[in-house]
Amino acid sequence: MTADPAAPPAAPAPQPTVVDVLIPVAVDTAYSYRVPKGLALAPGDFVVVPLGTRETLGVVWDARGAGGDNLKQVLSRVDWPPVRAPLRGFVDWLAAWTLSPRGMVLRMAVRAPEFAGAEPVRFGLRRAGPPPARLTPARGRVMGVFDAAEGEAVLTKRALAEAAGCSPGVIDGLVDEGTLETVALPPDPLPPAPDPEAGTVALDPAQAEAAARLAERAAERRFTVTLLEGVTGSGKTETYFEAVAAALRAGRQTLILLPEIALTAQFLDRFAARFGTRPSEWHSGVSVRRRARAWSGIASGDIKVVAGARSSLFLPFADLGLIVVDEEHEAAYKQDDGVSYHARDMAVMRGRFEEAAVVLASATPSLETRVNAETGRYGHVRLDARYAGRSLPALAAIDLRRDAPPRGRWIAPKLVEAVAETVAAGRQALLFLNRRGYAPLTLCRSCGHRFTCGQCSAWMVEHRFRGALMCHHCGHVERKPGHCPRCGEVDALVACGPGVERIAEEAAALFPDARQLVLSSDMPGGTERLRQELDAVARGEVDIVVGTQLVAKGHNFPNLTLAGIIDADVGLANGDPRAAERTFQLLQQVTGRAGRGEAPGRALIQTFQPDHPVMRALLTGDVERFYRTEIEARQQAGLPPFGRLAALIVSGTDRTAVETHARALARAAYGITGGDPLALAPGDAPRIEVFGPAEAPIAMIRGRYRFRLLVKAPRSADLQGCLRAILAAGPKATGSLRVAVDVEPQSFL
DNA sequence: GCTTGAGTGAAG
DNA sequence: TTCACTCAAGCT
């Protein structure tokens with residue numbers, strides 16, 4: 001990091017002799033340090049301070065005048081752009097809201113510059129002396145590369161080795177002989193800034209009007225939140241791009257938040273088509289070097305648009321004018337480990353601190369956001385028709401009580417027929433089932449033994465590709481045995497029920513000539529491979545896609561005309577108060593994948609409950625009625641956004657310890673809130689209530705037992721204060737036991 | 001989060 | 001006695 005344009009001019013104000021420095025570790029209070037004579041420090045400055053035996057990076061949080069004699073001294077000031085007041089305010093607020101130590105929140109904001117400080121200089125090679133005395137064939141090829149290049153060529157070692165078809169060792173040898181020399185390469189120039197006038201996109205009148213309203217918000221220098229609600233394929237992205245253009249024209253920066261998996265080449269290319277260049281990317285797949293460069297570019301204000309995953313919320317924007325949260329209903333925006341926060345809600349607050357416009361975009365908004373839009377807390381812009389006159393897919397249910405597939409098969413005859421027609425027409429078909437693995441249950445035909453997880457008693461799911469049985473609850477894996485562990489019978493194990501792998505097997509047998517791809521989050525290769533495969537589907541390299549929920553996320557497959565839902569009832573019965581909302585959102589997104597190109601699409605939904613409100617809403621398109629019912633149910637239950645909800649999570653490796661601790665914590669909570677765990681009054685009760693152990697079953701997640709105590713409060717209650725009091729009064733967690741707080745998404749305004 | 005120092009227990 | 005490990009406290 002070099003020059004610092006954002007730094008305040010040499011302060012005329014009296015220099016503080018003591019500063020409070022927040023350190024990116026798990027402490028909540030900023031520590032006071034003495035300022036050495038001659039060092040000018042202002043709030044937001046990065047500094048190096050002694051902490052215990054080590055030295056650590058910190059940020060000046062407050063510059064109070066004087067005081068304290070036996071304080072340690074600030075070691076030095078680090079020449080990076082300071083953390084601006086809006087980001088400092090955001091860090092403080094987020095820490096208070098999530099009840100996390102402020103240092104931990106700061107950590108999320110300063111993890112990147114640690115890379116920046118270590119940014120390595122890259123070296124190149126150029127010709128410096130006479131050819132070597134001993135000219136081997138490999139050396140000759142290296143010299144040939146320089147001969148072929150014009151003028152003073154400077155090449156990286158890797159590029160040179162590749163061009164010459166030799167190993168890097170050959171090049172090192174030439175450097176030793178003095179034929180070549182290493183020179184520092186200038187840093188890559190930043191990519192050109194996005195140009196709001198670069199691409200012309202034809203918007204239809206409805207889109208143009210919506211775009212104008214969003215652009216107006218983005219051009220203002222004030223905090224607003226607007227819900228952009230548009231059916232899948234209505235051109236939401238192109239519409240909010242106009243808000244991005246407005247922010248660019250106003251000279252301010254934009255952050256586009258996307259669920260990690262939606263950050264594909266496809267999205268970046270759409271952006272490039274409109275703005276002439278790709279946005280800066282920010283997610284876990286971006287290399288350290290590129291992150292470091294992005295961080296400084298964002299801090300200096302040179303980078304105007306960032307497309308990123310939830311961690312990009314903490315980037316040091318110099319002048320943030322617009323935050324877009326795409327697919328705002330996505331559960332992936334919720335961070336569960338470490339500081340637990342909901343990125344959509346935090347985006348709203350970041351916007352508030354930055355005086356920026358916030359746009360929440362979704363085809364199926366979350367209930368919280370929908371209610372906030374209806375009550376006028378958020379603006380509401382709607383796109384009701386598909387772009388360019390394209391129609392929504394034709395939807396039909398396949399009633400599994402009447403039109404069931406033959407025994408041992410899962411794809412109903414009607415759906416088989418539809419897939420055959422689709423593939424024959426040169427189009428793509430999607431078979432969707434939200435269940436990973438081959439079969440959710442394995443049992444012994446001879447003795448009836450069910451394979452359950454030894455750690456948490458959930459069913460073990462067979463994964464045939466891997467030859468393993470897996471517990472989706474706690475991650476426990478074991479090899480699939482050849483015989484029954486109870487009665488010893490050989491070859492008696494049967495797989496019950498379908499998973500995506502089994503559907504893929506069935507589809508492969510039914511359509512042997514079709515090119516098929518299975519997409520599931522547990523497939524090897526990680527997110528990078530997944531991104532590539534999604535792009536391959538978009539390019540039409542696959543006829544039949546068999547996938548779990550990740551195929552629903554923000555992808556445009558122009559040649560996909562059929563969506564078949566294998567089992568629409570999955571997830572409706574699992575006791576989660578959001579089950580219906582989640583299922584509706586998921587199925588709406590999946591069916592919406594069909595017919596986004598020129599050819600019309602259709603969706604077939606296999607279900608045992610065609611009369612369920614979720615199915616009715618999907619089939620009739622009467623979304624309003626569905627939302628109405630769900631919102632009323634929330635209101636009745638006093639759940640967000642009508643009430644406030646948090647969970648105290650007790651976790652540990654010892655089941656009994658977790659249970660006793662949770663009970664003790666619950667007792668402390670009852671003492672403070674006066675709640676009765678077994679007689680919960682619904683609605684806006686005047687006191688905070690705790691759902692006790694009786695209602696909160698113990699779960700096992702990633703090898704740890706976990707107990708959730710739900711704390712419910714009316715909107716007006718001081719939930720954070722109450723949680724703090726409970727934590728202070730409750731027993732102290734020790735050893736592997738941990739107590740975390742999870743504040744559920746809701747509205748702040 | 002990280003370091004440190006106390007405490008524990010098994011091997012030497 | 002020594003090493004290897006876990007655990008809890010404190011860091012300005």
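Every chain is numbered from 1 and lettered A, B, ... according to where its sequence line falls, protein lines coming before strand lines.
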Asker: Can you check the A:Leu22 CG to B:dG1 P distance for me, whole Å?
Answerer: 15 Å

Asker: Measure the distance from CG on A:Asp28 to P on B:dG1 and round it to the nearest whole Å.
Answerer: 14 Å

Asker: Tell me whether A:Arg310 contacts the main-chain N or O of A:Lys334 through its side chain, where contact means a donor paired with an acceptor under 3.5 Å.
Answerer: yes

Asker: Checking the side chain of A:Arg706 only, and the main-chain atoms of A:Ile649 only, is there a donor and an acceptor separated by less than 3.5 Å?
Answerer: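 Side chain of A:Arg706 to backbone of A:Ile649, a donor-acceptor pair under 3.5 Å: no, none is there.
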
Asker: Atom pairs under 3.5 Å, N or O on each side, protein against nucleotides 5-8 of chain B: can you list them with distances?
Answerer:
none

Asker: Within the pair A:Thr56 and B:dC2, is there a side-chain N or O less than 4.0 Å away from OP1 or OP2?
Answerer: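 For A:Thr56, the contact criterion (side-chain N or O under 4.0 Å from OP1 or OP2 of B:dC2) is not met.
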
Asker: Charged N to carboxylate O below 4.0 Å: is that the case for A:Glu327 and A:Arg344?
Answerer: no

Asker: Quick check: closest heavy atoms across A:Glu744 and A:Pro640, and the distance to 0.1 Å?
Answerer: CB-CG, 4.4 Å

Asker: May I have the step-by-step check of side chain to side chain contact (heavy atoms under 4.5 Å, CB included) for A:Trp61 and A:Asp92, ending in yes or no?
Answerer: CA-CA 10 Å; A:Trp61 221 243; A:Asp92 283 341; 2.9 Å; yes

Asker: Starting at CG of A:Leu106 and ending at C1' of B:dC2, how long is that distance when rounded to a whole Å?
Answerer: 16 Å

Asker: On DNA chain C, which is the earliest and which the latest nucleotide, 5' to 3', with an atom closer than 4.0 Å to a heavy atom of chain A?
Answerer: C:dA8 to C:dT12

Asker: Would you kindly give the CG-to-C1' distance between A:Asp337 and B:dG1, to the nearest whole Å?
Answerer: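 From A:Asp337 CG to B:dG1 C1': 15 Å.
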
Asker: Under 4.0 angstrom, heavy atoms only, what part of the nucleic acid is A:Thr53 near: base, sugar-phosphate, or nothing?
Answerer: sugar-phosphate

Asker: To check you understand the geometry: which heavy-atom pair defines the closest contact between A:Leu322 and A:Ala247, and what is its length?
Answerer: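 Nearest heavy atoms, A:Leu322 then A:Ala247: CB-CB, 4.1 Å.
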
Asker: Under 4.0 Å between any heavy atoms, over every strand shown, what does A:Val49 touch: base, sugar-phosphate, or nothing? Just pick one.
Answerer: nothing

Asker: Quick check: closest heavy atoms across A:Leu57 and A:Trp80, and the distance to 0.1 Å?
Answerer: CD2-CZ3, 3.8 Å

Asker: Over 60° means perpendicular and under 30° means parallel, so classify the ring planes of A:Phe90 and A:Phe353, tilted if in between.
Answerer: perpendicular

Asker: Could you state the atom-to-atom distance from CZ of A:Arg54 to C1' of B:dG1 in whole Å?
Answerer: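 Going from CZ in A:Arg54 over to C1' in B:dG1 covers 6 Å.
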
Asker: Are A:Arg531 and A:Glu260 within salt-bridge range, i.e. N to O under 4.0 Å?
Answerer: yes

